[in-house]
Structures are given as structure tokens and as C-alpha cells.
Undergrad: 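After the C-alpha cells below, expect a handful of questions from me.
Whatever order the structure lists ligands and atoms in, that order sets their numbers, starting from 1.
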Amino acid sequence: MENKLIINQIIPFSNVDGSGNRCAIFLQGCNISCIYCHNPETINYCNDCGNCVNACKYDAIHLVKSRIQYDKKLCTSCNACISICPYNSSPKAILYNVAELTELIKQYKPFIRGITISGGEPTLQKHLIIDLFNRIKPLGLTCTIDTNGFFDINEMEDLINITDKFLFDVKTVDDSFKLCGVANLSSLATLEYLLKKNKIEEVRTVVLNSYMDGKKTVEKVAQLLLNHLEVTYKIIKVHTLGLSKQRQNKINDFIPSDEEILELVQIAKDLGLKKVEYVL
Ligand code: SF4
Ligand code: SF4
């Protein structure tokens with residue numbers, strides 16, 4: 001298993017995961033658990049508990065020698081298995097070795113500008129991504145990583161060097177525990193470092209009142225981006241799609257209004273940013 005990427009999903013052609021048409025590869029496994037995560041089934045690795053087997057009406061999941069086996073041909077994508085999983089995981093994750101994945105990407109090459117590794121958190125599978133990028137870049141494709149920003153740059157230097165661009169979340173500038181489930185994480189120093197290396201394409205902040213301070217976060221990010229006006233800052237209103245009822249109930253009262261998001265956009269522009277986008 002260590003020699004294979006654990007992939008939740010591959011979208012052959014995406015135009016929302018970096019510049020141009022891209023093959024987007026979503027890895028399984030994350031180092032945090034955001035209250036608003038819209039694909040929580042990517043957070044943990046499957047522990048083969050078997051709880052989802054009987055939830056599948058299409059006989060696509062089995063326990064074989066105590067390991068989950070998934071048959072893609074029988075799957076109707078009803079996602080009953082994901083809804084029932086108590087561990088924020090998915091029985092549909094697929095293992096790929098880097099050579100297999102490279103061959104698959106080659107089939108898409110005429111139609112894409114590059115690939116984007118998303119998740120989950122891609123940096124958790126760093127060594128295999130470096131191997132993949134070493135094979136993909138000679139094909140003339142660009143390599144992008146979509147990260148939550150919570151990684152140690154001292155351990156990621158080789159990955160940073162080979163990556164063309166990062167799509168980078170700044171989730172909060174206050175303590176991360178309430179929002180992300182893990183305390184004392186900060187991504188600002190990492191963002192500053194990547195900006196200096198010209199590795200940032202886009203910074204994103206999802207706004208959720210009470211769990212983070214939108215104004216303070218936007219002001220801090222804007223300060224860092226002032227010397228990098230080519231970078232897009234995207235300010236996103238939290239949405240509840242894909243969330244369990246339990247998580248929806250926790251955030252329903254704290255969803256910002258459209259006006260609040262537009263005010264944050266104006267704050268970023270007033271501070272001097274040129275490329276500010278928003279999602280309502
Ligand atoms: S998504 Fe696929 S594997 Fe999961 S329950 Fe539905 S048919 Fe079965
Ligand atoms: S996907 Fe979830 S419910 Fe199914 S076997 Fe894995 S951990 Fe258990």
C-alpha cells in the first residue's frame with residue numbers, strides 16, 4: 001500500500017481546479033477535519049470495518065479476507081455507503097501505482113493543460129506525488145497542488161520545488177481548533193514562503209462566522225498578497241452541500257450573508273489587491 005497512491009476520485013477534465021482544463025486527482029486522507037468539509041469522505045483511510053457492505057443495494061462492496069473490496073462496474077454512485085460510514089471514509093478509494101496513473105493521464109494529455117492534486121491533503125502522500133510529477137512534467141503538463149496549507153515547509157522542500165503552483169487555503173488566522181478540529185495550526189508562514197518562491201496561483205478563504213474571523217483573516221492575507229498582485233484571492237461563502245445533518249446544524253446559524261462576503265471583498269480591494277474573486 002505504501003507504494004500506491006490512495007485516490008478517492010479522478011475527474012479527467014476540470015476547469016475549476018487551477019488554470020485551464022486539468023485532470024483533477026483527489027487523494028484520500030487529510031490531516032484536519034474542517035466543520036464545513038464538503039467531501040468529508042476523503043478525510044480518513046478506510047479501516048475495513050464493513051459497516052457499509054449491507055448499505056450497498058447493488059452488491060458493489062464486499063469484505064474479502066477482512067478487507068473491503070469495491071466493484072466499480074456495479075456501482076451506481078448512489079453514495080449510500082458514504083452516508084453510512086461512521087469514519088469519514090469511503091470504500092471506493094482506489095490504489096494506483098504511479099506508473100499506472102501516469103499512463104491514465106497520458107490518455108487525457110491532448111485535452112488538458114496539466115494536473116491538479118487535491119484531496120484530502122496531498123502533502124500527506126508527498127513521495128508518490130514527487131514521483132508522479134517527475135513523470136508528468138516531461139509530457140509538457142503543469143503540476144498543481146491544492147492544499148489546506150497545514151504542512152511543514154522544512155519537510156516539503158523537494159515537493160515545493162517540483163510543483164508549478166499551489167492553490168492555497170488560509171482557513172483562519174486565529175486558533176484552528178474550533179474550525180479544523182486540530183489546535184495551533186497556522187499556514188501564514190508557509191504562504192509567505194511560497195509567495196516568495198512564486199509558487200502561489202490562488203489563495204482561498206471560506207468564510208464562516210463565529211468559527212473564524214473573516215475580516216481579520218482577509219486583512220492578514222491581503223497584507224501578504226500586496227507584493228504579489230498577480231495572485232488571485234478568492235473569498236468564498238460557506239455552503240452546506242455534502243455535509244451531514246449534524247454538521248449542518250452546527251453551522252446553519254453562522255453562514256454569512258451575501259452582503260458580508262461582498263464587504264470582505266471590498267476590504268481586500270481597498271487594501272490594494274487587484275485580483276479578488278468571490279463565491280456566494
Ligand atoms: S455508491 Fe456505489 S458502492 Fe456505494 S452504496 Fe452506492 S452503489 Fe454501492
Ligand atoms: S468505508 Fe467506512 S464503513 Fe465502509 S468499511 Fe471503510 S471505514 Fe467501514
Undergrad: Which ligand 1 atoms are under 4.0 Å away from a heavy-atom of Y58?
TA: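 Matching atoms, with element in brackets: 7 (S).
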Undergrad: Taking only heavy atoms of N51, which atoms of ligand 2 are found under 4.0 Å from at least one of them?
TA: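 Those qualifying, in numeric order: 3 (S).
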Undergrad: N79 heavy atoms, cut-off 4.0 Å: which ligand 1 atoms fall inside?
TA: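 That gives atoms 1 (S), 6 (Fe) of ligand 1.
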Undergrad: Which atom names give the shortest non-hydrogen contact between C23 and I10, and what distance separates them?
TA: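 Closest heavy-atom pair between C23 and I10: SG-CG2, 3.9 Å.
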Undergrad: Of all the atoms in ligand 1, which lie at a distance below 4.0 Å from a heavy atom belonging to T76?
TA: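 Selected atoms, number and element: 2 (Fe), 7 (S).
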Undergrad: If you have a sec, work out which protein heavy atom is nearest atom 1 (S) of ligand 2 and how many Å separate them, to one decimal?
TA: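 Protein heavy atom at minimum distance: P91 N, 3.3 Å.
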Undergrad: Is there a side-chain contact between L167 and T147 (heavy atoms, below 4.5 Å)?
TA: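 Heavy-atom side-chain distance check fails, nothing below 4.5 Å.
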Undergrad: Counting distance only, does the side-chain N/O of E202 pair as donor-acceptor with the main-chain N or O of V231 below 3.5 Å?
TA: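 No, E202 side chain to V231 backbone: no donor-acceptor pair under 3.5 Å.
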Undergrad: Among all protein heavy atoms in this structure, tell me which lies nearest to atom 6 (Fe) of ligand 1, with the distance rounded to 0.1 Å.
TA: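 Of every protein heavy atom, C78 SG, 2.3 Å lies nearest to atom 6 (Fe) of ligand 1.
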Undergrad: Students should be able to answer this: which protein heavy-atom is nearest to atom 2 (Fe) of ligand 1, and at what distance?
TA: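 Heavy-atom neighbour on the protein nearest atom 2 (Fe) of ligand 1: C75 SG, 2.3 Å.
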Undergrad: Looking only at protein heavy atoms, which one is nearest to atom 8 (Fe) of ligand 1, and how far off is it?
TA: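 Protein heavy atom at minimum distance: C56 SG, 2.4 Å.
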Undergrad: With distance as the sole test, does N39 use its side chain to make a donor-acceptor pair with the main-chain N or O of T42 at under 3.5 Å?
TA: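 Not confirmed, N39 side chain does not pair with T42 backbone.
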Undergrad: So which bit of K92 gets within less than 4.0 Å of ligand 1, heavy atoms only: side chain, backbone, both or neither?
TA: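 Side chain only.
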Undergrad: Classify the angle between the aromatic ring planes of H239 and H38 as parallel (below 30°), tilted (30 to 60°) or perpendicular (above 60°).
TA: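 Aromatic pair H239/H38 classed tilted.
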Undergrad: Starting from atom 7 (S) of ligand 2, find the nearest protein heavy-atom neighbour and note its residue, name and distance.
TA: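 Heavy-atom neighbour on the protein nearest atom 7 (S) of ligand 2: N47 OD1, 3.2 Å.
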Undergrad: Hydrophobic clustering (ILVMFWY, side-chain heavy atoms < 4.5 Å, transitive) - are I32 and V203 grouped together?
TA: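 Different clusters.
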Undergrad: Is K4 close enough and on-axis enough to Y96, meaning under 6.0 Å and within 45°, for cation-pi?
TA: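 No.
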Undergrad: Give the atom numbers and elements of ligand 2 that come within less than 4.0 Å of a heavy atom of I68.
TA: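 Counting from 1, the qualifying ligand atoms are 5 (S).
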Undergrad: Supply the atom-to-atom distance L226 CG to L271 CG, rounded to the nearest 0.5 angstrom.
TA: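 L226 CG to L271 CG: 7.0 Å, rounded to 0.5 Å.
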Undergrad: Please confirm if an N, O or S atom belonging to C81, backbone or side chain, lies less than 2.8 Å from atom 2 (Fe) of ligand 2.
TA: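 Coordinating: no.
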Undergrad: Taking side chain as C-beta onward, heavy atoms only, is C52 less than 4.5 Å from I68?
TA: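 When only atoms from C-beta onward are counted, I68 and C52 do touch, with a gap below 4.5 Å.
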Undergrad: Applying side-chain contact (heavy atoms from CB on, under 4.5 Å) to N3 and N97, what does each step give before you reach the verdict?
TA: CA-CA 6 Å; N3 293 323; N97 70 41; over 6 Å; no
Undergrad: With backbone taken as N, CA, C and O and side chain as the heavy atoms from C-beta onward, which portion of I61 lies under 4.0 Å from ligand 1: side chain, backbone, both, or neither?
TA: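 Side chain only; the backbone of I61 stays clear of ligand 1.
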Undergrad: Pull out every atom of ligand 2 sitting under 4.0 Å from any heavy atom of Y87, numbered as shown with elements.
TA: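 Contacts of ligand 2 toward Y87, numbered from 1: 7 (S).
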Undergrad: Checking a contact table here: which protein heavy atom is nearest atom 4 (Fe) of ligand 2, and how many Å away?
TA: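 Ranking protein heavy atoms by distance from atom 4 (Fe) of ligand 2, first comes C52 SG, 2.4 Å.
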